[in-house]
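Notes to accompany the following structure.
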Protein chains: 4
Amino acid sequence: MTVRVAVAGASGYAGGELLRLLLAHPEVEIGALTAGGNAGTPLGQHHPNLLPLADRVLTDTGPAELAGHDVVFLALPHGHSAAIAAALDERTVVVDCGADHRLNDPSAWTRWYGGEHPGTWPYGIPELPGARERLRGSTRIAVPGCFPTVSSLALAPALAAGLVEPDAVVVAVTGTSGAGRALKPHLLSAEVMGSAAVYGVGGAHRHTPELVQNLSAAAGTPVKVSFTPVLAPMSRGILATCSAPLADVVDTGAARRTYLDAYGDEPFVRVLPEGQWPQTSATLGANTVHLQLVVDPDAGRLVVVGAEDNLTKGTAGGAVQCMNLALGLPETTGLPTAGVAP
Amino acid sequence: MTVRVAVAGASGYAGGELLRLLLAHPEVEIGALTAGGNAGTPLGQHHPNLLPLADRVLTDTGPAELAGHDVVFLALPHGHSAAIAAALDERTVVVDCGADHRLNDPSAWTRWYGGEHPGTWPYGIPELPGARERLRGSTRIAVPGCFPTVSSLALAPALAAGLVEPDAVVVAVTGTSGAGRALKPHLLSAEVMGSAAVYGVGGAHRHTPELVQNLSAAAGTPVKVSFTPVLAPMSRGILATCSAPLADVVDTGAARRTYLDAYGDEPFVRVLPEGQWPQTSATLGANTVHLQLVVDPDAGRLVVVGAEDNLTKGTAGGAVQCMNLALGLPETTGLPTAGVAP
Amino acid sequence: MTVRVAVAGASGYAGGELLRLLLAHPEVEIGALTAGGNAGTPLGQHHPNLLPLADRVLTDTGPAELAGHDVVFLALPHGHSAAIAAALDERTVVVDCGADHRLNDPSAWTRWYGGEHPGTWPYGIPELPGARERLRGSTRIAVPGCFPTVSSLALAPALAAGLVEPDAVVVAVTGTSGAGRALKPHLLSAEVMGSAAVYGVGGAHRHTPELVQNLSAAAGTPVKVSFTPVLAPMSRGILATCSAPLADVVDTGAARRTYLDAYGDEPFVRVLPEGQWPQTSATLGANTVHLQLVVDPDAGRLVVVGAEDNLTKGTAGGAVQCMNLALGLPETTGLPTAGVAP
Amino acid sequence: MTVRVAVAGASGYAGGELLRLLLAHPEVEIGALTAGGNAGTPLGQHHPNLLPLADRVLTDTGPAELAGHDVVFLALPHGHSAAIAAALDERTVVVDCGADHRLNDPSAWTRWYGGEHPGTWPYGIPELPGARERLRGSTRIAVPGCFPTVSSLALAPALAAGLVEPDAVVVAVTGTSGAGRALKPHLLSAEVMGSAAVYGVGGAHRHTPELVQNLSAAAGTPVKVSFTPVLAPMSRGILATCSAPLADVVDTGAARRTYLDAYGDEPFVRVLPEGQWPQTSATLGANTVHLQLVVDPDAGRLVVVGAEDNLTKGTAGGAVQCMNLALGLPETTGLPTAGVAP
């Protein structure tokens, strides 16, 4: 099987990571690479790491350039994907790495993004209950945000099993590639290196409603979520510290069993051995989430910590995993599980 | 006034930061510099940054070397300070940067550190209610841990004012100098750079009981605290994200007024203007804590974020501030409020 | 003595470092703070580290705002200082941190910067032969570039003493604050962290003619200089590895004596003890240059390595040192020699 | 073809990177994993990134454990490989990542490492003249040091073509993983982050004789080499700035043609397009060297800059490339050419 794939938004960070993974995918042939303002320039100027594609020239992002592919990945600013998808053959698998089709609730969309809701597509975290089935054979897929991926996987089993109250606190440390290649002063290296900073505090980050949606679905009841993202001086990686009040008397061993039941067969989610805690470097460039958990009886909380690479499992790796499901390929095809460390 | 000062444990990170600050203190003359295994070596070998003291040779840490000073700073592993203090003149101001005399509850000491409780000394966060009065003129002072300093200042006003329930979650990102100069694999630069990692999760970190003690005193009732420290790839700095459930209907403006009332006259604690969030680089090398807060009505929580330099306000700067109080000097003498950034 | 000082370009990195140092200067009162596009905003928005000045509002950079000060520091893009200086009283000390008045040769100016040469001012590295005398009492001073400061101090004594041929190779690793607060993609934190990169290779960097000028003056003959700057993932610091072919048979001991003779009495230049090599962290925030050297008989070269903080001794600290000389104050007034480390 | 491979020294950084690459190699089956003091512990404790091997337990490094494999990689401290190789079947391909068999000159070995020379094996940089032929089918291979790999590739074509004098200066910035997992104070993260430092200056680094050997072979005459390694705050990556005096009048275009002739057909060495300079992040985790060069007529030198990942092309990737040659596999089998960036 040879799958012909186009990437729209190829000069950004998500686009670059998609191409890195697709280069190693045995069933994929890389077709059109498109961009906005960078159209007409060679890819190597934007992604010198992608040696095999360095001389490929970026074209405009338009229906004509994207037509004729089996799969189209969209790595575009929010608001751009609905029109493009509408112009593509409905049998084309469209995998949207943007936010446009993640939220179920049109009013939540309007509150957080403004304008009319572009519609909801099957949501791309296969490891959440029921998700894998909805993704298999789908031709429209909404790739989740990087924070919701690891945070949802970290808390969903406990909420689903009723171990904790529907009242979560998530503080997630992230590398700065998650903000994209935006020329903003607070992303300049001299500002970031040697410093930790918060942003989007108090529910102001756009990933909050997505996290609320996922956790509420897992719990079967509305979940309150306090979400705080923290910028740390690293390029990649998210470390999410997630906790919630214990609903019942439970010890760490019992909570572990809940998580091992949920993820024991998952190829990309690893509950670490007891005593070993996640670190983001172990997931760098890999399509994996590492989890560990503990019950804190004094504080009366379950604490679950998850690590992922925001660009791989948090974006492009998750997107390729969904593509595999959509195409009926083995889900793990072409996806690394060994991170690049140290 | 010339104050003759000795530093025990001068070759470690806390000792080095004490000396950097004392060099700039207009009333201080630096006397004995002592060490354990590094005795006999020049200070410049351990702290090449301390140019004016580079040729000073470290002596052994013993009562004879430390005698004859007005002030003795102890920057030693826990368990060493009680015996040294007992051998010093009782009029000598002894400022202990270690953990030995921080906890009020002997059973808490035994649970967390083992062995017999060495006794409680006045606790060195002058900005907490009642603390300044206890520190003025005191000849024995317990400098707090780096995490409790910023976290206590972040949550105490809200707890004291009854804005929040006595049930706090603190996730604090820290640079690795907080772990000291210990030769441990997880502190090697190749492991730390590019990675975020947790440790001491679920109440396992020794700063937890100290934080519980401070917050419970502020609240006037026992406070549950879930504390998670996160190692980030930076040398210095702590960014603590602290939250608790709202006890009552309160908006951000009202909560801000509580904090401005508490800290408006404090020279070293700054509630940032609305919309500006703390970043650790702004406090680097300065004896300051920067705070910002917001009410999240959806999550039903107050979120307070604080930044400090763990070695300055979090250790050595706080220690010098306490020395000033003990000696009757103006509290701000010799202490920088401008951080080194970018 | 109270010196009233204005800073033009206060919202940039050089401006911020000037203010950090001036805040600690015992004879200085900080007057006007001016900016270009940032005029009208509070300083704390740009330099949250400068707590004592956080609420000061930036004004426009114009002669009216800058008039009435004893000293005016210019931290502006090149090409702006001549007109401003012309509009100021000639007794006002004008210290230009830009490039405009560094080069002696008008044709070199035109080649490297274009346009007409704005004229040459006394050059601000007091430790170079003859420089201190020219700076004392001067009312116009050209602060050197950050690379030329450390590199010139590293090689001048060997060239002046005829130890080496006039044929130097300088490879200087720098933190990214040297590039200023420019919104350029290659300065984004996600690009810089975890990566080393070169730029301005093969004599393309504008500091090259300044370095040639300094080294040729020291040697008394034209010196060829191969200069390569390397961007490393750190905010501050320059580590310059400088070498030249041995002109004669000389061993490390003899070369050391030449350097100790040159710098033994200098308060801000330290030849480290044998066996200890420079590291930039030891100079962070300090007005110091650390040097070490060795003769490599197999390669037939003298290798001198120097470290400095590009923003302190390399820009703002050197500027304040020059101001002290200009005003007849003790040269070391208000300038730190202890770096902030680790 | 299934190749059964053992890795001795699997808990170190080189061992870990070998395993990461071997996991993705389509012809390899991973056999024994051995260690020294870490024998008996699971691999996941040392390399949490190697998820597929996390539960494999390390065994002792001895002939019995290593017997019965087609290929044995040795990632051991120097001095250990000769005895192990002697105990293995002579048809076993032994690939030594240590220094033992790199130097041709026994007296150079004795000078730099002490003791008796363990003998010389075919040297593992296939892209150097004549090397590929010596490696094909060889059963004993000496993998080069990380610095000599990129530096030799950067300078060999110019020396071989007589473009430059046999008098080279190499200043190479490196990440700290090159020093291995050694518990040394100067490798602690708090010392490394935010700082650049030199070591092994003046010909004191053990990679110097290896570099002299390679460059002299390329030039056909003894080459003098001044080599300075610089530690930068990053985990991986080497950026080598290499230069030598021009032997003749040559411009950048002519020099580029020499390099394109030398490397145009090489899959792992890329001469970047004009105007684009190497950065180490573009090679992270890839088996590639990126080169760029310029003639500086004012300085009279050719400057060549090379980037590589010290653990991949500089160690483990180069080792796997040599294994492929030894086994008669296509040289590029299983080796990534796309780096992990940003």
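Quick note on labels: first sequence line is chain A, next is B, and so on, each numbered from 1.
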Can you tell me which portion of Ala286(D) sits under 4.5 Å from chain A's heavy atoms? Options are side chain, backbone, both or neither. neither
When the 4.5 angstrom heavy-atom criterion is applied to Leu51(A) and chain D, the contacting part is both
Assess the residue pair Arg236(A) and Val340(D) against the criterion (side-chain contact (heavy atoms from CB on, under 4.5 Å)); give the C-alpha distance rounded to whole Å, side-chain angles, the decisive distance to 0.1 Å, and a yes or no. CA-CA 10 Å; Arg236(A) 293 178 174 228; Val340(D) 182; 3.6 Å; yes
Mind ranking Arg270(A), Gln276(A), Gln279(A) by heavy-atom pairs under 4.5 Å with chain D and telling me who comes out on top? Arg270(A)
Atom OG1 of Thr337(A) and atom CG of Leu50(D): how far apart are they, to the nearest 0.5 Å? 9.0 Å
Residue part contacting chain A, namely of His47(D), when any heavy atom lies under 4.5 Å: neither
Identify which of Gly16(A), Gly194(A), Pro52(A) forms the greatest number of heavy-atom pairs closer than 4.5 Å to chain D. Pro52(A)
Has Asn49(A) got a side-chain atom pairing as donor or acceptor with Ala282(D)'s backbone, closer than 3.5 angstrom? no
Who wins among Thr283(A), Leu284(A), Asp55(A) for the most heavy-atom pairs under 4.5 Å with chain D? Asp55(A)
What are the two closest heavy atoms between His290(A) and Pro48(D), and how far apart are they? CE1-O, 3.2 Å
Would you mind checking which part of Leu311(D) comes under 4.5 Å of any heavy atom in chain A, side chain (CB onward), backbone (N, CA, C, O), both or neither? side chain
